[in-house]
Amino acid sequence: MKTLELFEKYVIPNYTRYPVSLERGEGAYLWDEDGKRYLDFFPGWGCCLLGHCPPKVVEAVQKQVATLIHVPNSWYQRPQGVWAQMLSERSFGGKCFFCNSGTEANEAAIKLIRMYGESEKRYRILTFENSFHGRTMGALTATAQPKYHNGVCPMLPGFVYAPYNDLEKVAEIVENDKELAGIMLEPIQGEGGVRFPAAGFLEGLRKLCDEHRLILHFDEVQTGCGRTGNWFAYQAFGVVPDTMSLAKTVAGGIAAGALVCKPELAEHLRPGMHAATFGGNPIAAAAGIATLEAIEEGNLLQKAKDNGEIFLKRFNELKGTCDLIEDVRGLGAMIGMELNINGTEVVRKCMERGLLINCTHGSVIRLLPPAILTAEQVHEGCDIICDVISSL
Ligand SMILES: *Cc1c(COP(=O)(O)O)cnc(C)c1O
């Protein structure tokens, strides 16, 4: 039976899939079952900042998988401890809880915020319209987009929403809601269209949280671990959160997630109150350690920044000559180009020409390219994108 037929017959059809089966990846390239090669500017939906099958991660996983695959979290194991230290030292000196995905990391944050507020009967969490925090019921309720709630209501109680970048509205809620315990947001909205915080917005949230003893949680699942050319996006804005969730690139493409919290908050996630069977397993930890090392050894934070500037330059040039483009924005290896038409055709035509990209929110072309791209590869892909958009 052909691959597509296997899916037709045996796999739940909850994804819209391209009629292509991918077989092998190496660096910035992917090959499908028919041997066609693609340049990948959206590898692993943002999980593969190091490109496909990064040698250092492959080697670390191969070694670890033959040594120890899994042990429960009722024991110690060195890789998880070292991984936590490395994340802590590159962020705000926090402590880590490990899980297997972004949504799980946000669930851990929701629980931590509730247990933090428990003694004062505070539990509510403020999140933002157009956000994306994951698909499990807590993180999905935090995701203030009705289109993802329709059909699975009722949602979890205890959330309140505000428009993104509307500091006045946030201040009003914070002043009046005595049951509020935290604010959760993506420092740059990813799925919502690569949308940036307005000047002073994150600083304003930080101030409100300090004044009202609220936890400020940054969902850095998409922006974290080198994506923006900083270890974490908050570092680009100079506003430090109290807790932060990570996944996607955190282990170089191996499934993993993490919650990092300031040390003084760690006690709130007390023994018996939260767990993940596979969380921080030796393989994920080995991959996570290798990922951070590979970013440093390859000088990939700088490379993400340099590539990001080429992307912005190319797309801004195109914007000057093409009136389909409304806006171009980005930071490091996270780029959005907002069109005034639906972007589905752009994605399809690029794929035909051997380039993989993404379109989010209908009209925002989103690139989460690997930081290992050479300048030539950046230009090669930009040529295709510019050509495709110009020809529409
Ligand atoms: C992808 C994403 C998630 C969900 O991560 P999963 O690993 O799919 O659960 C959560 N938050 C943000 C900002 C994301 O981009």
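Residue numbers run from 1 in the order of the sequence given. Remember, it's 1-based here, ligands and their atoms both numbered in the order they're listed. What you see is a predicted model, and the numbers here were worked out from it, not measured in a lab.
- Every N/O-N/O distance between V221 and ligand 1 stays at or above 3.5 Å.
- Residue contacts with ligand 1: F132 is placed with a nitrogen or oxygen under 3.5 Å of a nitrogen or oxygen of the ligand (distance criterion only).
- Q85 and R90 form no side-chain donor-acceptor contact under 3.5 Å, judged by distance and modelled atom types alone.
- In this structure, atom 6 (P) of ligand 1 has protein heavy atoms in its sub-4.0 angstrom surroundings.
- Looking only at atom types and distance, the side chain of E191 has a donor-acceptor partner in the side chain of Q145 under 3.5 Å away.
- Note on E5 versus K2: no salt bridge recorded, every NZ/NE/NH1/NH2 to OD/OE distance being 4.0 Å or above.
- Salt-bridge formation is detected for the pair E297/K56: a Lys NZ or Arg NE/NH1/NH2 atom is positioned less than 4.0 Å from an Asp or Glu carboxylate oxygen.
- In this structure, atom 9 (O) of ligand 1 lies nearest to the protein heavy atom T103 N, 2.8 Å.
- Which parts of ligand 1 touch Q222 is read off a 4.0 Å heavy-atom cut-off, strictly below it: atoms 15 (O).
- Within the 4.0 Å heavy-atom cutoff, E191 does not count among the residues contacting ligand 1.
- Look at R270 and E118 and you find a salt bridge, because one of the NZ, NE, NH1 or NH2 atoms lies within 4.0 Å of a carboxylate O, short of that distance.
- Every atom of ligand 1 is numbered from 1 in the order shown, and the set under 4.0 Å from a heavy atom of S101 is 7 (O), 9 (O).
- Side chains of E172 and N176: a donor-acceptor N/O pair is absent below 3.5 angstrom, by distance only.
- Where the criterion is an N or O separation shorter than 3.5 Å, residue side chain and backbone included, E186 fails it with respect to ligand 1.
- A salt bridge links D383 to R314: one of the charged nitrogens lies within less than 4.0 Å of a carboxylate oxygen.
- Taking the ring centre of F159 as origin, the terminal cationic atom of R124 falls outside the region bounded by 6.0 Å and 45° from the ring axis.
- Around atom 2 (C) of ligand 1, the closest heavy atom drawn from R135, E107, Q189, K248 belongs to K248.
- Ranking the protein heavy atoms by distance from atom 11 (N) of ligand 1 puts D219 OD2, 2.7 Å first.
- Atoms of ligand 1 found under 4.0 Å from any heavy atom of G102, numbered from 1 in the order shown, are 5 (O), 6 (P), 7 (O), 9 (O).
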